[in-house]
Amino acid sequence: DSTEIPTHVYMDLGLNSGESLIDVYLGKSEMLTKTKLTANKFKCYGWEPNPIWYKNMENMEKKYEGITLFKKAAWISDVKVKIYHDQLSKTKQEGSSIMVNHKRANKNIYTNVDAIDISKWIENHVKDETTLILKMDIEGAEYDVLNHLKETGLLCNAINYLFLEI
C-alpha cells in the first residue's frame, strides 16, 4: 500500500550524484550497517540545488519507486538563495555552496535557487514513530542548519541517526 507510513525515512541533504541515497534505498549502504536498520519500508528523500544534477535526479525518480527528490537547497527558511560554484571546477560539480565564504566558492559564478526550511519539512512530513536518518553534506551550511534543527527541537526529538560531512 503506497499510502502506508514508512517505518524508516532517509533524508539526503546535499544529494550530489545520489549515490548515497541509492545505496540506502537498495539496502547496500554502510550507514544502514552502522544503524542496524534494513531497507524495509524505507522512504528516501533528497535535496540538491545544483542544476548540473537535475537530469540525473529526474532519472533516479523514474527508476526507483519510493524516492522523492527536490531541486532545492536545504536551509533554515523558505527563501531564494545563491549557490556559489567551486572556483576549481569547470563543470560546477564540486562543492557548490550557499555560503559565500566557503573556501572554494567563486563569488562570481553562482545560480539562484529555491531553499527550503528543512525543520518545517520534517515537522510536516515525518511522523513521531518514524525512524529518521539524516545525511548532511551541504558545504558549510551544516552549522546553520544544525543550529536551526536544535532550536526547533528536532535535532534531539526527531532525528534518530545523523551523518555529517563538515
Side-chain angles (χ1 to χ4, degrees), residues 9-26 29-31 42-126 132-156 158-166:
V9 169
Y10 174 75
M11 294 175 60
D12 191 327
L13 311 184
L15 183 68
N16 203 278
S17 70
E19 286 181 37
S20 296
L21 184 135
I22 296 299
D23 285 348
V24 169
Y25 181 79
L26 296 175
S29 173
E30 200 174 296
M31 279 186 266
F42 236 101
K43 179 69 177 148
C44 296
Y45 299 94
W47 285 260
E48 176 56 53
N50 193 335
I52 195 89
W53 296 112
Y54 288 1
K55 184 67 174 164
N56 186 58
M57 293 167 69
E58 291 164 8
N59 292 336
M60 286 170 55
E61 282 187 305
K62 287 177 190 169
K63 185 173 182 178
Y64 301 103
E65 184 180 328
I67 289 178
T68 304
L69 305 177
F70 302 93
K71 298 171 183 174
K72 296 182 177 189
W75 190 228
I76 62 174
S77 59
D78 297 327
V79 294
K80 290 268 190 201
V81 296
K82 293 178 180 176
I83 57 165
Y84 298 92
H85 299 288
D86 188 333
Q87 61 187 345
L88 303 176
S89 174
K90 291 182 173 56
T91 62
K92 299 182 188 176
Q93 291 184 14
E94 299 296 325
S96 296
S97 177
I98 65 174
M99 308 305 288
V100 69
N101 60 347
H102 188 274
K103 65 183 174 187
R104 294 188 327 240
N106 184 330
K107 295 170 184 66
N108 300 313
I109 302 174
Y110 60 86
T111 304
N112 293 308
V113 298
D114 290 322
I116 187 169
D117 181 333
I118 208 66
S119 290
K120 192 184 328 178
W121 192 92
I122 292 170
E123 288 173 344
N124 292 330
H125 294 90
V126 179
L132 176 58
I133 300 174
L134 181 67
K135 175 246 167 198
M136 193 181 320
D137 181 4
I138 51 178
E139 303 301 332
E142 293 90 350
Y143 300 101
D144 290 321
V145 172
L146 283 170
N147 191 50
H148 185 59
L149 289 166
K150 181 179 152 236
E151 288 173 355
T152 58
L154 295 172
L155 186 60
C156 296
I159 300 167
N160 302 92
Y161 300 94
L162 177 63
F163 293 89
L164 292 170
E165 179 182 296
I166 50 174

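We're numbering straight along the sequence, starting at 1.
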**Study point:** Result of checking Leu132, Leu146, Leu149 against Leu162 for side chain to side chain contact (heavy atoms under 4.5 Å, CB included)
**Key:** Leu146
Say you draw a straight line from [atom1] of [X] to [atom2] of [Y]; how long is it, rounded to the nearest 0.5 Å?
X: Asp144; Y: Ile98; atom1: CG; atom2: CD1; answer: 7.5 Å
X: Asn101; Y: Lys107; atom1: CG; atom2: NZ; answer: 7.5 Å
X: Tyr10; Y: Lys135; atom1: OH; atom2: NZ; answer: 5.0 Å
X: Ile22; Y: Lys63; atom1: CD1; atom2: NZ; answer: 7.5 Å
X: Ser97; Y: Lys103; atom1: OG; atom2: NZ; answer: 11.0 Å
X: Phe163; Y: Met136; atom1: CZ; atom2: CE; answer: 12.5 Å

Point to revise | side-chain contact (heavy atoms from CB on, under 4.5 Å) against Asp23, all qualifying residues, sequence neighbours excluded | key: Lys28, Ser29
Exercise for review: Could you list the residues that satisfy side-chain contact (heavy atoms from CB on, under 4.5 Å) with Asn108, not counting sequence neighbours?
Suggested key: Asn106
Exercise for review: Would you check if there is a donor-acceptor pair between the side chains of Ser20 and Asp12 at a distance under 3.5 Å?
Suggested key: no
Practice item. Go through the structure and list residues passing ring pair (Phe, Tyr, Trp, His ring centres under 6.0 Å) with Tyr54, not counting sequence neighbours. Key: none
Review point. Any donor-acceptor pair under 3.5 Å linking the side chain of Glu48 with the backbone of Leu15?
Key: yes
Practice item. Using modelled atom types only, decide if a donor and an acceptor are shared between the side chain of Glu142 and the backbone of Gly140 within a distance under 3.5 Å. Key: yes
Practice item. Count the heavy atoms belonging to other residues, nucleotides or ligands that lie under 6.0 Å from CD of Glu61, then report whether that count exceeds 12. Key: yes
[X] to [Y] - nearest heavy-atom pair and separation:
X: Met99; Y: Ala105; value: O-CB, 3.9 Å
X: Ile83; Y: Pro51; value: CD1-CD, 4.1 Å
X: Ser96; Y: Asn50; value: OG-ND2, 2.7 Å
X: Ala158; Y: Ile122; value: CB-CG2, 4.2 Å

Practice item. Verify side-chain contact (heavy atoms from CB on, under 4.5 Å) between Ile118 and Met11, making sure each step is shown before the conclusion. Key: CA-CA 10 Å; Ile118 208 66; Met11 294 175 60; 3.8 Å; yes
Check your understanding: Are the side chains of His85 and Ile52 in touch, meaning some heavy atoms are under 4.5 Å apart?
Key -> no
Practice item. Evaluate side-chain contact (heavy atoms from CB on, under 4.5 Å) for Tyr64 paired with Leu26, printing each intermediate quantity in order. Key: CA-CA 9 Å; Tyr64 301 103; Leu26 296 175; 4.1 Å; yes
Which residues satisfy the salt bridge (Lys or Arg N to Asp or Glu O under 4.0 Å) test with [X], sequence neighbours excluded?
X: Lys80; answer: Asp114
X: Lys120; answer: Asp78
X: Glu30; answer: Lys34

Run the side-chain hydrogen bond (donor to acceptor under 3.5 Å, both in side chains) test against [X] and tell me which residues pass, sequence neighbours left out.
X: Asp137; value: none
X: Thr152; value: Ser119
X: Asn147; value: Glu151

Which atom pairs, one a donor and one an acceptor, fall under 3.5 Å between side chains of residues 69-77 and the rest of the protein, sequence neighbours left out?
residue: Lys71; atom: NZ; partner: Glu58; partner atom: OE2; Å: 2.5

Review point. What orientation do Tyr45 and Trp47 show, parallel under 30°, tilted 30 to 60°, or perpendicular over 60°?
Key: tilted
Point to revise | Candidate pair Ile133 and Asn160, rule side-chain contact (heavy atoms from CB on, under 4.5 Å), full reasoning | key: CA-CA 6 Å; Ile133 300 174; Asn160 302 92; over 6 Å; no
